[in-house]
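Whatever order the structure lists them in is the order used to number ligands and atoms, beginning at 1. Please read these numbers as outputs of a predicted model, since none were measured by experiment.
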Amino acid sequence: MDQIAIGKFISQCRKEKHLTQAQLAERLGVSDRAVSKWETGRSMPDVSIMLDLCEQIDISVNDLLNARRINMENYKEMAERTLLEMREREEQSARKMLSLEWVIAFIATFAMLGFIMLAAFVDMPNWLRGVIICAGILIFAVGIFFALKIETEAGFYECPKCKERYVPDYWKVFWAPHINRTRRMRCPHCGKRGWHKKVLSKEK
Ligand SMILES: [Zn+2]
């Protein structure tokens, strides 16, 4: 507790209320010397008088002891709102990325099927057939690589055992057996294997 800072704060709040030291002293039933001592940090207001003092200069005891206006309710509300907004934004971008994953996987799959059909049904020399099939497989591989990269980095995976939410290593996701986006992996937090579900935000 910084007595000097508290003193300055009392003085500042008193002036904001347009009160002289003598006027404040009178309202509190103490001497002006007492008020002067508080304001210069030489002494603290007595506990019995503190509530009354705070009321006169329009602050809470919490403000007084911290030497500044805190207004805890507003502060908490603001912090909560900011957090909520941040989480919403984070979830929204994760959701967008995950839909992009579907689009990329879809295009890659159909491009490969298209190339293979072309090679199978159109009359052409065998070497060209080979090239077209290879190109189709290559497009598919590149597409799946990027789709999986998006899946790894958008949102988080949740361990069913300890509920830890984390972003895994790309290759862990790549090799993990999966059902849709739920993957069987080892939890980096508790070390247990399990089916880890995709979730959009870090917070529960
Ligand atoms: Zn775990």
Side-chain angles (χ1 to χ4, degrees), residues 1-2 5 59-120 130-204:
M1 213 159 44
D2 184 347
I59 57 173
S60 70
V61 174
N62 200 14
D63 294 340
L64 178 78
L65 296 177
N66 285 285
R68 64 197 163 93
R69 285 199 171 82
I70 298 183
N71 204 345
M72 282 314 283
E73 254 164 57
N74 272 359
Y75 177 79
K76 249 174 77 180
E77 201 180 289
M78 251 171 58
E80 271 164 18
R81 203 178 318 137
T82 312
L83 272 177
L84 206 72
E85 271 168 22
M86 274 171 59
R87 191 190 304 176
E88 265 164 25
R89 217 170 306 151
E90 184 191 71
E91 283 187 19
Q92 220 169 48
S93 86
R95 204 173 292 125
K96 256 187 226 154
M97 291 304 279
L98 290 173
S99 357
L100 185 64
E101 180 197 0
W102 278 119
V103 173
I104 292 176
F106 186 83
I107 291 173
T109 305
F110 278 86
M112 177 180 72
L113 290 177
F115 276 50
I116 287 173
M117 300 274 258
L118 188 73
V131 168
I132 287 178
I133 289 174
C134 284
I137 290 170
L138 191 69
I139 288 172
F140 180 73
V142 169
I144 294 307
F145 177 86
F146 280 109
L148 216 52
K149 195 159 172 56
I150 288 171
E151 183 179 322
T152 306
E153 286 163 14
F156 302 84
Y157 284 94
E158 184 183 81
C159 167
K161 305 262 162 46
C162 70
K163 304 289 177 200
E164 169 84 355
R165 295 184 168 190
Y166 67 99
V167 176
D169 195 64
Y170 176 82
W171 292 107
K172 286 221 177 86
V173 172
F174 186 88
W175 293 114
H178 67 109
I179 298 168
N180 198 358
R181 280 188 186 124
T182 299
R183 291 180 184 267
R184 190 164 172 78
M185 294 188 287
R186 187 188 296 282
C187 170
H189 187 66
C190 69
K192 295 206 176 85
R193 279 194 168 280
W195 289 94
H196 294 195
K197 208 173 61 189
K198 187 96 225 176
V199 290
L200 291 176
S201 73
K202 179 95 178 147
E203 305 304 318
K204 278 138 225 177

Is it true that Glu151 and Arg183 make a salt bridge, defined as a side-chain N closer than 4.0 Å to a carboxylate O? yes

Ring-plane angle category for Trp171 and Phe145, please: parallel below 30°, perpendicular beyond 60°, tilted otherwise. tilted

Examine distances only and state if a side-chain atom of Arg69 and a backbone atom of Ile59 form a donor-acceptor pair shorter than 3.5 Å. no

Sum of protein N, O or S atoms, each under 2.8 Å from the Zn ion (ligand 1): 4

Short N-O contact, Arg87 and Glu91, less than 4.0 angstrom: no

Using ring pair (Phe, Tyr, Trp, His ring centres under 6.0 Å) as the criterion, list what pairs up with Phe106, not counting sequence neighbours. Phe110

Ring geometry between Tyr170 and Phe174 (parallel below 30°, tilted from 30 to 60°, perpendicular above 60°): tilted

